[in-house]
Amino acid sequence: MATQSRFVLRRLLCGLRARTGWSQGSASTSRQGRPPCRPELRHLSCSYPVCQSRTPTRGPSSLSFRSHTCGELRLDHVGETVTLCGWVQYLRHDLFVILRDFSGLAQVLIPQGDSASHLKTALCQLTTESVIKVTGTVKRRPTGHENKGMPTGEIEVLAEGVEVYNVCRKLPFEIKDFVKKSESLRMQYRYLDLRSSQMQKNLRLRSQLVMKMREYLCNEHGFVDVETPTLFKRTPGGAKEFVVPSREPGRFYSLPQSPQQFKQLLMVAGVDRYFQMARCYRDEGSKPDRQPEFTQVDIEMSFVDQAGIRSLVEGLLQYSWPAEKGAIMVPFQTLTYEEAMRDYGVDKPDTRFSMKLIDLGQVFFSTEIEFLRSVLSQPGGSVQAVCVPGGAKLFAGKDLEELKQTAKTQFSQELSMVLVKADGTLKSPLKKLLSVSATDELLQRTGAGPGDLLLMAAGSLHSVRPLLGNLRLRCAELLESRGASVRDPSALNFLWVLNFPLFLPKEGDPEQLESAHHPFTAPLPEDAQLLHTEPQKVRGQHYDLVLNGSEIGGGSIRIHDASQQLNVLKSVLKEDPSLLSHLLEALDCGAPPHGGIALGLDRLVSIMVGAPSIRDVIAFPKSFRGHDLMSCAPDFVSEEDLKSYHISVKWPTE
Ligand code: ASP
């Protein structure tokens, strides 16, 4: 950009910042007597004569103004003339500039001699986060001045020339890993937040993973990367979709929850093996660790069964998993849905620790405790327990109270507790109701010993299992927070959960059935005839992939017969089949047997890097409420603009 126009742009930005009071940062800058734009530094945007070093033809410095990245310099480079480009991380006593790029830090030595006074002035006047290019000679640091904590800590670059590309104003937060900032500030200035070394690492690891996945799918297994539309139409069932107005009155597009229909249609089209890094959209409101838009590794194959898809995914993860994140053992463990619910109370169990649910029906079947007897005599009635090793010893009264409250408020259930004291005697309101033999049987059945805690719940299996499944996880967290080691943080417990029910009672209308996953899942062949008689008993050819208690993928073998698909939609789900007439028609035009899966890329990467939230592995995520805090999307649209969509806003009244 010509100097003149750069100057004009800078003035415009200054004016804009002044008018909008851009940030507290600029105000405090002024208070410190440092104006947001520093005219005195403008002259630095010129080059000092430097000897040009060669840039490599491949690698992260190819085609660039730089010869090396900041983080790659080592003793091997001593004596070389190098050119670095980056951001000023620190200025140290007019002696050094610490320069940063995505790869790390390099120390630039500011020459002190009179002959280099221009250069010294230029470097010493810089502000942190200014962007510069430095050319200089790599030197070994004097003995005793090495920095062992810095990969480039044995060398420094003696500056011989500098070009200042951009002088940085005072920022809303410092780009230092140890500086804590609120999530909303990080989101508002995401382009600054992304400069942190952790975010740089996360984005790069994600990119590597995706590249390896593409390699595996395309090169090893002949998959074809096909893009499918983002503007689609509303489909029955599943999550709520975002709608997009069109210029035709009353007609709306819908953003797809997933490319499910398209990937099936691609199988009908004979593509045979499809994949896509697919952007999906679900209008699910505020849910922790969900994003309204997210990415799936979406896969579909023809002429395949469940075992084929499972081994494809096991191979894919093994191939693409970064070596430094631990080895993946295949095949993955499998559990049926029924086993998962029976042992762990959830359909995505964290199998890194035991603490399984224990059925106490036998212990209390002929008990003196009237209430338990009556629960057990009901169909589906059950008494279950979880034994928390060390719980009686490690949990405080408030922890026990919290567990009881969770049972009450989230599950509308009463929780009974039995604490086994150090001397082996029990502390519990149940104690006086239990005979000696029942006490012995209880301890024997649960394996509870001194210091352990038993959590017990009685009621219908459908409510007792999820309650204890939830408390099992909470107790693991509590035990860990008290110093007990429960889960190995480096373990990778992949697990397939199989044989889910095909349908579940509809939320809010339990008489009606809805798909447990989506309406295209095929029934297990041995259950198919039940579709016409007892659909609630049909198990689906669905599989979920779980990693350390998080669902990271799910898929199924699909219905490829139009009449079976029509029956599911019309007779079982009571949906209007005309909404899916295109798919039904396609299934009648020579559809191969097919199946697939979608892996949640964001969650997978977040587990891989140990990030607390999927927002830490998405470059520009939305807030908890689905807002982009940087650009303020969603935003208002003028009435004039809305007219072309035949839409008028009805504002809610107070
Ligand atoms: N489309 C499904 C989902 O997004 C995955 C699949 O069945 O392949 O959950």
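It should be emphasised that the depicted structure is a prediction, and the values quoted were computed from it without experimental measurement. Both counts, for ligands and for their atoms, begin at 1 and track the order of listing.
- Of the heavy atoms in R282, only side-chain atoms (C-beta onward) come closer than 4.0 Å to ligand 1.
- Applying the ring pair (Phe, Tyr, Trp, His ring centres under 6.0 Å) criterion to F520, with sequence neighbours excluded, gives H518.
- The side-chain contact (heavy atoms from CB on, under 4.5 Å) test with L209 is passed by exactly one of V297, L604, L317: L604.
- No part of H517 comes within 4.0 Å of ligand 1, judged by heavy-atom distances.
- Using cut-offs of 30° and 60° on the angle between ring planes, the pair H517 and F500 is perpendicular.
- The ligand atoms of ligand 1 that sit less than 4.0 angstrom from a heavy atom of S258 are 1 (N), 4 (O).
- Scanning the protein heavy atoms around atom 6 (C) of ligand 1, the nearest turns out to be Q260 OE1, 3.3 Å.
- The shell of residues lying under 4.0 angstrom from ligand 1, judged by heavy atoms, includes K263.
- The pair R539-E338 does not meet the salt-bridge criterion, since no charged nitrogen lies less than 4.0 angstrom from a carboxylate oxygen.
- For the ring-ring contact (aromatic ring centres under 6.0 Å, His included) condition, the pairs that include at least one residue of residues 290-328, sequence neighbours left out, are Y216-Y319, W321-F494.
- Between Q261 and F232, some side-chain heavy-atom pair lies under the 4.5 Å cut-off.
- In summary, the atoms of ligand 1 found under 4.0 Å from a heavy atom of Q296, numbered by their order in the structure, are 3 (C), 4 (O).
- No side-chain heavy atom of M187 sits under 4.5 Å from any side-chain heavy atom of H627.
- Counting the atoms of ligand 1 from 1 in the order shown, those under 4.0 Å from a heavy atom of H518 are 2 (C), 6 (C), 7 (O).
- Nearest residue to atom 7 (O) of ligand 1 from Q257, R558, Q264, E300 is R558 (criterion: closest heavy atom).
- In A598, the parts holding a heavy atom less than 4.0 Å from any atom of ligand 1 are both the side chain and the backbone.
- The part of I597 lying near ligand 1 is the backbone, judged by heavy-atom distances below 4.0 Å.
- Ring planes of F223 and F275: perpendicular class, angle over 60° (limits at 30 and 60°).
- Atom 5 (C) of ligand 1 has its nearest heavy-atom neighbour, among G596, G554, G595, in G554.
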